[in-house]
Amino acid sequence: MNNWRRTKYSREVKPEISGEEVTVMGWAHEIRDLGGIIFVLLRDRDGIIQITAPSKKIDKDLFENLRKIRKESVIAVKGIVQNSPKAPGGVEVIPHSLAVLNEYKQPLPLDPTEKVRAEIDTRLDSRFLDLRKPAVNAIFKIKSRMLHSIRLFLEENEFLEINTPKLVASATEGGTELFPITYFEREAFLGQSPQLYKQIMMSAGFDRVYEIAPIFRAEEHDTLRHLNEVISIDIEASYMNHEDVMDILEKLVVQAIKDVRKNCSAQLDVLGHELEIPATPFERIRYEDMIDLVNSEGVSLDYGEDMSRAAEKAMGEIMGGYYFIIDWPSSIKPFYVMPDEKNPEKSFSFDLMYRDLEISSGAMRVHKHDLLVDRIKKQGLNVDSFEKYLASFEYGMPPHAGWGLGAERFNMSLTGVNNIRETVLFPRDRRRLTP
RNA sequence: GCCCUGGUGGUGUAGGGGCUAUCAUGCGGGCCUGUCGAGCCUGCGACUCGGGUUCAAUUCCCGGCCAGGGCGCCA
């Protein structure tokens, strides 16, 4: 780097520092050679700054070297900041020295200036280049802010961050398929959810915990909203019921939206996404009313069934925005979900929806050991394999509740993208395991 | 896993039983002192794989692989 160090990011080169010498570093986004004047657009993490080289004002060798720069080479430029009404943003850099730090190999596997769009498959194969595009990396700047905001919110509300194992012994929770792996001389699995560990932490006296970590599901789904590895934002809290944790979830969602709006307006602009702050409280639709609503739209769904895709779409049309579906039948919820004592057919459970997309589900949990054993049996699961989990319920387990929020699905609602693959740097789906 | 659609230069596309396979972008060369999707001239670069039908297949048929969309699965 010739002992050069960056002195300014592109976004810091503003008219106020006109006349100052700066060193900028980044990629050659575009080169426009007009013969007697050359414009090089230098792109770094946050934006683009124009390097303007009029032949009469700069050294002849430098001019020739600027002419030879090729797209996506890594360059460093030293020069003087100059205001100009003709320059993008009203400011440009007149170079006096150039270092080409690394050259490019041609042809590029896709076009980072997006003059020709590429398909998602092509883009993911060359993700490093794809991510250089402002409209792509904006999604991840928003995701970063979203996660930061969520951590701040949970810490402010006395939640402790925990880490639970992702290597687990058995496929005991039921429901989803797990990825089997080899654990020395035994078989093990990649964790589908931190659920049982979060609950054990309630017995351990941590009172309020959260975890933001990957979960793995070996389903062969092939849709715009499923992946085999995603980030789950999970909480569990003692001495709370389902309504208490719904309130927390609702506040967290609104705070994250406000925070992204405030701190990521440039990224939202690049994405062309208008992010509205939803009114609270979110509407609560009872499961049985959801059935009626969906039926009235001509979509058949019987009581006791989980939502079909058609039902989700119908609800998305009717409701828009964020809303809860509450009071799910106990029969289609996991064993650890608390039945309503007055009517055990129903449960103290909820899903948070954004239009037609389920982004979170949660519930008050069963904290009574015998009821839990009963529910495990009723769901056809093997009680013995829950021995270590169940033990934590026999020595003073407080009542508790919690939820899991899909980080990528929430991010989809913040950015307006319609393919979950867009929201993961290196997504893992049915076919893709690289890069 | 099922259904539908597709696979043509690096990228994104048009087309089509035999002809120099279209266009944009890109890349190479040339011109150009205010570009900002720069412009103009010029050159380079492609029919997914296997089998079948046919005098002839990139084109039609079958299968594989891969992709896009939809559904299912997804406590």
Side-chain angles (χ1 to χ4, degrees), chain A residues 29-41 48-58 63 67-68 70-72 82 84-92 94 104-126 129-130 133 171-178 192-193 195-196 215-228 230 232 306-313 328-337 347 349 351 357-358 361-363 365 375-376 378-381 403-404 406 409 418-421 429-432:
Chain A
H29 186 67
E30 281 198 78
I31 301 93
R32 301 202 185 99
D33 178 357
L34 276 66
I37 186 167
I38 299 172
F39 300 98
V40 176
L41 303 186
I48 292 173
I49 179 69
Q50 177 166 287
I51 311 299
T52 301
S55 62
K56 286 189 178 156
K57 284 192 185 169
I58 69 165
F63 191 77
R67 170 167 282 160
K68 283 185 219 150
R70 294 294 171 255
K71 276 188 182 185
E72 299 305 313
Q82 186 182 78
S84 166
K86 295 176 200 160
V91 66
E92 60 197 4
I94 310 298
Y104 78 125
K105 175 181 163 186
Q106 80 168 76
L108 296 168
L110 52 83
D111 170 23
T113 63
E114 291 189 282
K115 284 176 189 160
V116 180
R117 72 176 190 287
E119 291 186 0
I120 187 82
D121 192 51
T122 307
R123 291 170 47 204
L124 292 174
D125 280 341
S126 299
L129 253 188
D130 185 52
K133 300 190 286 199
T172 49
E173 277 185 60
T176 193
E177 293 293 318
L178 300 194
Q192 64 178 96
S193 155
Q195 181 59 33
L196 307 188
I215 57 172
F216 304 91
R217 302 198 170 176
E219 296 294 337
E220 298 194 4
H221 33 48
D222 201 358
T223 77
L224 298 180
R225 58 201 178 280
H226 290 92
L227 289 174
N228 297 291
V230 294
S232 180
D306 208 344
M307 287 177 87
S308 64
R309 186 62 192 138
E312 287 179 340
K313 283 180 171 169
W328 289 76
S330 293
S331 58
I332 53 171
K333 284 290 172 185
F335 65 83
Y336 49 77
V337 167
S347 64
S349 60
D351 280 6
L357 188 64
E358 177 192 332
S361 79
R365 319 301 191 184
R375 296 215 10 108
I376 290 170
K378 273 194 182 147
Q379 300 222 348
L381 297 165
W403 44 253
R409 288 185 173 187
N418 69 350
N419 188 340
I420 195 168
R421 279 158 262 254
D429 64 26
R430 177 71 186 91
R431 299 187 181 88
R432 183 173 289 278

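Chain A is the first sequence line, chain B the second, and so forth, proteins listed ahead of strands; every chain is numbered from 1.
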Quiz item: Is the closest side-chain heavy-atom distance between A:I332 and A:M307 below 4.5 Å?
Solution: no

Practice problem: Would you mind telling me which of B:C71, B:C32, B:A75 lies closest to the side-chain atoms of A:P334? | Solution: B:A75

Tabulate protein N/O versus nucleotide N/O from nucleotides 6-14 of chain B, keeping only pairs under 3.5 Å, one per line.
{"unit_1": "B:G10", "atom_1": "O2'", "unit_2": "A:L108", "atom_2": "O", "d": "3.0"}
{"unit_1": "B:G12", "atom_1": "OP1", "unit_2": "A:E119", "atom_2": "N", "d": "3.1"}
{"unit_1": "B:G12", "atom_1": "OP1", "unit_2": "A:T122", "atom_2": "OG1", "d": "2.8"}
{"unit_1": "B:G12", "atom_1": "O4'", "unit_2": "A:R117", "atom_2": "O", "d": "3.1"}

Quiz item: What is the distance, rounded to the nearest whole Å, between atom CG of A:D429 and atom P of B:G69?
Solution: 10 Å

Quiz item: Going by an N to O cut-off under 4.0 Å, is there a salt bridge joining A:R67 and A:D33?
Solution: yes

Practice problem: For B:U5 and B:C49, measure between their P atoms and round to the nearest Å. | Solution: 22 Å

Quiz item: Of the candidate nucleotides B:A67, B:G1, B:G37, which contains the atom at the shortest distance from the side chain of A:R430?
Solution: B:G1

Practice problem: Select one nucleotide: of B:C74, B:C27, B:C36, the one nearest the side-chain heavy atoms of A:P88. | Solution: B:C36

Practice problem: In whole angstrom, give the distance that lies between atom CZ of A:R225 and atom C1' of B:C71. | Solution: 9 Å

Quiz item: Across the strands shown, which category fits A:K57 at heavy-atom distances under 4.0 angstrom: base, sugar-phosphate, nothing?
Solution: nothing

Exercise. Write down the atom of A:R123, the atom of A:L110, and the distance for their closest heavy-atom approach.
Key: CA-CD2, 3.6 Å

Quiz item: A:I37 side chain: which of B:U33, B:A38, B:A67 is closest?
Solution: B:U33

Quiz item: Is the closest basic N to carboxylate O distance between A:R432 and A:D121 below 4.0 Å?
Solution: yes

Practice problem: Compare the minimum distances between each of B:G34, B:G28, B:A75 and the side chain of A:Y104, then state the nucleotide with the smallest one. | Solution: B:G28

Practice problem: Could you check A:T52 against A:R432 and say which one's nearest nucleotide on RNA chain B is further toward the 5' end? | Solution: A:T52

Quiz item: Out of B:G37, B:G26, B:C71, which nucleotide sits closest to the side chain of A:R32?
Solution: B:G37

Quiz item: How long is the line joining CH2 of A:W403 and P of B:A75, in whole Å?
Solution: 18 Å

Practice problem: Select one nucleotide: of B:C71, B:C73, B:C32, the one nearest the side-chain heavy atoms of A:R309. | Solution: B:C71

Practice problem: Using the P atom on both, measure B:G64 against B:C2 and round to a whole Å. | Solution: 10 Å

Exercise. Check whether any side-chain heavy atom of A:I94 sits under 4.5 Å from a side-chain heavy atom of A:I58, and report yes or no.
Key: yes

Quiz prompt | A:R217 side chain reached by A:V230 side chain, heavy atoms, under 4.5 Å | solution = no

Self-check item: Where A:I49 and A:E92 come nearest, the two heavy atoms and their spacing
Solution: CD1-CA, 4.4 Å

Quiz item: Rounded to the nearest Å, what distance is computed from the CD atom of residue A:E220 to the P atom of nucleotide B:C71?
Solution: 18 Å

Quiz item: Does the side chain of A:R217 get closer than 4.0 angstrom to OP1 or OP2 of B:A75 through an N or O atom?
Solution: yes

Quiz item: So which one's nearest nucleotide on RNA chain B is more toward 5', A:P54 or A:K71?
Solution: A:K71

Exercise. Identify whether any heavy atom of A:I332 sits under 4.0 Å from a base atom; if not, whether one sits that close to sugar-phosphate; answer base, sugar-phosphate or nothing.
Key: sugar-phosphate

Exercise. For A:H221 and B:G72, give me the distance from atom NE2 to atom C1', rounded to whole Å.
Key: 11 Å

Exercise. May I ask you to verify whether the side chain of A:Q50 and the base of B:U35 hold a donor-acceptor pair under 3.5 Å?
Key: yes

Self-check item: C1'-based separation of B:G12 from B:A46 [nearest Å]
Solution: 13 Å

Self-check item: A:K86 side chain near B:U33 phosphate (N/O to OP1/OP2, under 4.0 Å)
Solution: no

Exercise. Looking at every strand, decide which applies to A:K56 at a 4.0 Å heavy-atom threshold: base, sugar-phosphate, or nothing.
Key: base

Self-check item: Pairwise P distance, B:C23 and B:C61 [rounded to whole Å]
Solution: 28 Å

Quiz prompt | Distance-minimising heavy-atom pair for A:L224 and A:N418 | solution = CB-O, 3.4 Å

Quiz item: Closest to the A:S308 side chain: B:C73, B:G72, B:U33?
Solution: B:G72

Practice problem: Any chance you could encode RNA chain B as dot-bracket? Rule is Watson-Crick or G-U wobble with both distances under 3.5 Å; [ ] for pairs crossing earlier ones, | for another strand. | Solution: (((((((..(((.....[....)))((((((.......))))))...(((((..]....))))))))))))....

Practice problem: With heavy atoms under 4.0 Å as the rule, sort A:D306 into base, sugar-phosphate or nothing. | Solution: nothing

Self-check item: Between C1' of B:A75 and CG of A:D351, the distance in whole Å
Solution: 11 Å

Exercise. Considering only atom P, compute the distance from B:G50 to B:G72 and round it to an integer number of Å.
Key: 38 Å

Self-check item: Length of the NE2-P vector between A:H29 and B:U35, whole Å
Solution: 18 Å

Quiz item: Side chains of A:Q82 and A:S84: is there a donor and an acceptor less than 3.5 Å apart?
Solution: no

Quiz item: At their closest point, which heavy atom of A:R70 faces which heavy atom of A:Y104, and how far apart are they?
Solution: CB-CE2, 3.0 Å

Quiz item: Between A:E220 and A:N228, is any pair of side-chain heavy atoms under 4.5 Å apart?
Solution: no

Self-check item: Atom P, compared across B:U59 and B:G18: separation rounded to whole Å
Solution: 11 Å

Quiz item: What is the nucleic acid contact for A:A87, judged by heavy atoms within less than 4.0 Å: base, sugar-phosphate only, or nothing?
Solution: base

Exercise. Answer yes or no: is there a side-chain heavy-atom contact under 4.5 Å between A:K133 and A:D111?
Key: no

Quiz item: What pair of heavy atoms forms the shortest contact from A:H29 to A:P112, and how long is it?
Solution: CE1-O, 4.0 Å

Exercise. Describe the nucleic acid contact of A:L41 in one word from base, sugar-phosphate, nothing, applying a heavy-atom distance below 4.0 Å.
Key: nothing

Practice problem: Starting at atom CZ of A:F216, determine the distance to atom C1' of B:C74, rounded to an integer number of angstrom. | Solution: 16 Å

Quiz item: Is there a side-chain polar atom (N or O) of A:K115 under 4.0 Å from OP1 or OP2 of B:A38?
Solution: yes

Practice problem: Compare every heavy atom of A:I37 with every heavy atom of A:F63, then report the nearest pair and how far apart it is. | Solution: CZ-N, 4.2 Å

Exercise. May I ask you to verify if any side-chain N or O of A:R431 is less than 4.0 angstrom from the OP1 or OP2 atom of B:A67?
Key: yes

Quiz item: Between the base of B:A75 and the side chain of A:S361, is there any donor-acceptor pair under 3.5 Å?
Solution: no

Quiz item: Using a cut-off of 4.0 Å on non-hydrogen atoms, how would the nucleic acid contact of A:E92 be classed: base, sugar-phosphate, or nothing?
Solution: base

Quiz item: A:R70 side chain N/O closer than 4.0 Å to the phosphate oxygens (OP1, OP2) of B:G28?
Solution: yes

Quiz item: Under the 3.5 Å rule, do the base of B:G26 and the side chain of A:E72 count as making a donor-acceptor pair?
Solution: no

Self-check item: C1'-based separation of B:C4 from B:A75 [nearest Å]
Solution: 31 Å

Quiz item: When rounded to the nearest Å, what value does the distance between P atoms of B:G39 and B:U25 take?
Solution: 7 Å

